[in-house]
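What follows is a short report on a single structure.
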Amino acid sequence: MTASLPTPASTRSSQHGPAVKDQRQQVSDILSGKDDRLLVIAGPCSAHDDRSIIDYTAELARMGAEHSSELYVVARVYTEKPRTRLGWPGMLLDPHLDSTYRVRHGIEMARGMLETVADIGVPIACEFVEPLLADFLSDLVCWGAIGARTVESPPHRRLASGLPMPVGFKNRADGAVRPAVDAVVAAAAAQPMISLSDDGTPRSWISEGNPRAHVVLRGGDHGPNHSCDDVGNALELLAEVQPSPRLIVDCSHGNSGKDHRRQPLVAADVAGQVSAGQTGIAGVMLESFIHEGSQPHSADPRPGLSITDSCLGLAQTGDVMAELAEAVHKRRQTVSVDMGEAS
């Protein structure tokens with residue numbers, strides 16, 4: 001069975017365009033060091049329930065407003081779920097959670113969800129898994145991710161080179177950071193691109209390159225990589241290809257041993273480094289949702305509870321946000337003292 005797809009959205013003008021442009025600039029300023037706030041990307045492992053995502057995002061907006069002087073909070077609204085073998089691939093490909101793979105409906109449902117989140121005024125982060133589907137959502141996204149399974153994929157590196165937003169490359173699933181650094185270099189260069197035109201037919205063009213690509217440390221099969229030494233080693237690798245390297249630390253996945261209860265411990269370690277004056281850490285990622293934990297995948301899941309990786313609940317997320325905000329406050333004091341002594 002075949003079905004036509006909707007018209008790609010990124011080539012059309014959108015009422016959200018000016019706001020998204022400003023959000024991308026704020027993220028870029030944090031990654032460049034122009035803005036000394038900490039970027040916090042928080043949300044469930046994958047978005048399966050649009051109503052719960054909207055409710056969660058409203059709470060995230062409240063947290064972001066509370067700590068707006070120290071944190072820039074972005075909602076993780078991932079509509080695709082990469083898999084090592086098999087499993088639910090995300091809302092874009094299987095919106096009804098029943099392996100019917102109604103992709104057209106998935107695109108419409110995912111876009112509607114993102115537009116509602118944009119209406120709330122919260123910046124949006126997405127992981128891009130299927131390059132040809134990026135054009136349907138990317139105009140609403142201020143931060144993009146390329147995951148550990150696709151960080152070495154040439155099509156994904158080319159995709160990142162043409163995306164009009166900062167893109168984070170996660171280190172490889174085994175923990176290797178060099179492939180992510182190589183991806184940053186590749187994405188910064190002009191690349192031949194293939195995307196969809198307004199009528200859905202393929203088109204080719206040459207990207208300008210993405211100077212806002214960066215590394216995300218997410219741990220690996222052999223353990224975490226969020227420590228002071230790990231961050232320092234990664235920044236040294238990046239310094240070979242970037243004049244002022246900064247990176248993001250993912251508090252989940254390999255860094256938490258896939259145990260959501262350890263995410264606050266990882267965040268606390270990162271907060272300690274930030275408090276001590278580590279300016280190379282530009283942000284953190286949290287897997288978080290309305291309710292703590294996760295549930296088995298089914299066609300009728302409980303609202304607000306992840307059906308993929310286990311997440312922090314809202315109360316825990318608020319505690320982590322407060323700790324990170326305090327760390328930024330201390331970093332400002334530390335950096336100010338260091339600058340005073342240097343002068």
Side-chain angles (χ1 to χ4, degrees), residues 10 13-43 56-78 114-128 134 137-146 160 162-169 184 187-188 208-216 238 242-251 267 270-271 274 278-286 288 317 320-322 324-329 331-332 335:
S10 63
S13 60
S14 167
Q15 63 175 333
H16 301 294
V20 174
K21 182 178 180 181
D22 177 69
Q23 292 162 359
R24 291 171 177 169
Q25 187 60 55
Q26 292 195 62
V27 173
S28 296
D29 287 346
I30 291 171
L31 288 165
S32 70
K34 184 177 180 181
D35 185 335
D36 71 350
R37 289 180 294 173
L38 201 64
L39 178 66
V40 179
I41 301 166
Y56 170 82
T57 301
E59 285 298 305
L60 206 63
R62 181 189 61 77
M63 294 180 194
E66 181 180 355
H67 302 296
S68 61
S69 296
E70 295 82 22
L71 309 178
Y72 189 64
V73 178
V74 176
R76 173 185 170 127
V77 191
Y78 282 20
L114 264 60
E115 286 180 337
T116 303
V117 172
D119 287 339
I120 296 172
V122 179
I124 296 170
C126 278
E127 179 175 352
F128 296 101
L137 303 178
S138 60
D139 61 307
L140 296 168
V141 178
C142 79
W143 185 86
I146 302 298
L163 286 171
M165 70 194 74
V167 174
F169 286 96
V184 166
E208 296 181 359
N210 189 342
R212 297 165 291 182
H214 51 281
V215 167
V216 178
L238 281 167
Q242 291 181 322
S244 300
R246 287 176 177 82
L247 52 76
I248 291 174
V249 178
D250 182 355
C251 295
V270 173
V274 172
Q278 175 55 273
T279 58
I281 297 177
V284 300
M285 299 185 71
L286 301 169
S288 159
T317 303
V320 171
M321 293 269 196
L324 292 171
E326 179 62 20
V328 172
H329 178 68
R331 180 167 68 180
R332 287 170 177 163
V335 172

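All heavy atoms count here, side chains included; hydrogens, waters and symmetry mates do not.
Remark: the backbone N or O of Val167 is paired with a side-chain donor or acceptor of His214 at under 3.5 angstrom. Arg331 places a side-chain N or O within donor-acceptor distance of the main-chain N or O of Gln278, the cut-off being under 3.5 Å. Using modelled atom types, one side-chain atom of Asn210 and one backbone atom of Ala160 make a donor-acceptor pair closer than 3.5 Å.
Rounding to the nearest 0.5 Å places CD1 of Ile281 at 6.5 Å from CG of Leu247. Rounding to the nearest 0.5 angstrom, the gap separating the OG1 atom in Thr57 from the CE atom in Met63 is 11.0 Å. Atom OG of residue Ser32 and atom CZ of residue Arg246 lie 6.5 Å apart, to the nearest 0.5 angstrom. The structure places CD1 of Ile248 at 5.0 Å from CH2 of Trp143, a figure rounded to the nearest 0.5 Å. Remark: Ser138 OG to Leu114 CG distance equals 10.5 Å, nearest 0.5 Å.
Take Phe128 and apply the ring pair (Phe, Tyr, Trp, His ring centres under 6.0 Å) test, not counting sequence neighbours, and it matches no residue. Residues satisfying the side chain to side chain contact (heavy atoms under 4.5 Å, CB included) test with Val20, not counting sequence neighbours, are His16, Gln23, Arg24.
At a threshold of 4.0 Å, the pair Asp36-Arg332 counts as salt-bridged, since one of the basic side-chain nitrogens sits closer than that to a carboxylate oxygen.
Heavy atoms only, all atoms of each residue included: Ala118 and Leu140 are closest at CB-CD2, 4.5 Å. Summarising the geometry of Thr317 relative to Ser288, their closest heavy-atom pair is OG1-OG, 2.6 Å, with the distance given to 0.1 Å. The minimum heavy-atom distance between Ala271 and Leu324, with the atom names listed, is CB-CD2, 4.2 Å. Among all heavy-atom pairs drawn from Val274 and Ala327, the shortest one is CG1-O, 3.6 Å.
Paired with Arg37 under the rule side-chain hydrogen bond (donor to acceptor under 3.5 Å, both in side chains), one option of Gln26, Glu70, His67 passes, and it is Gln26.
Heavy atoms from other residues, nucleotides or ligands lying under 6.0 Å from CD of Glu208 number 12 at most.
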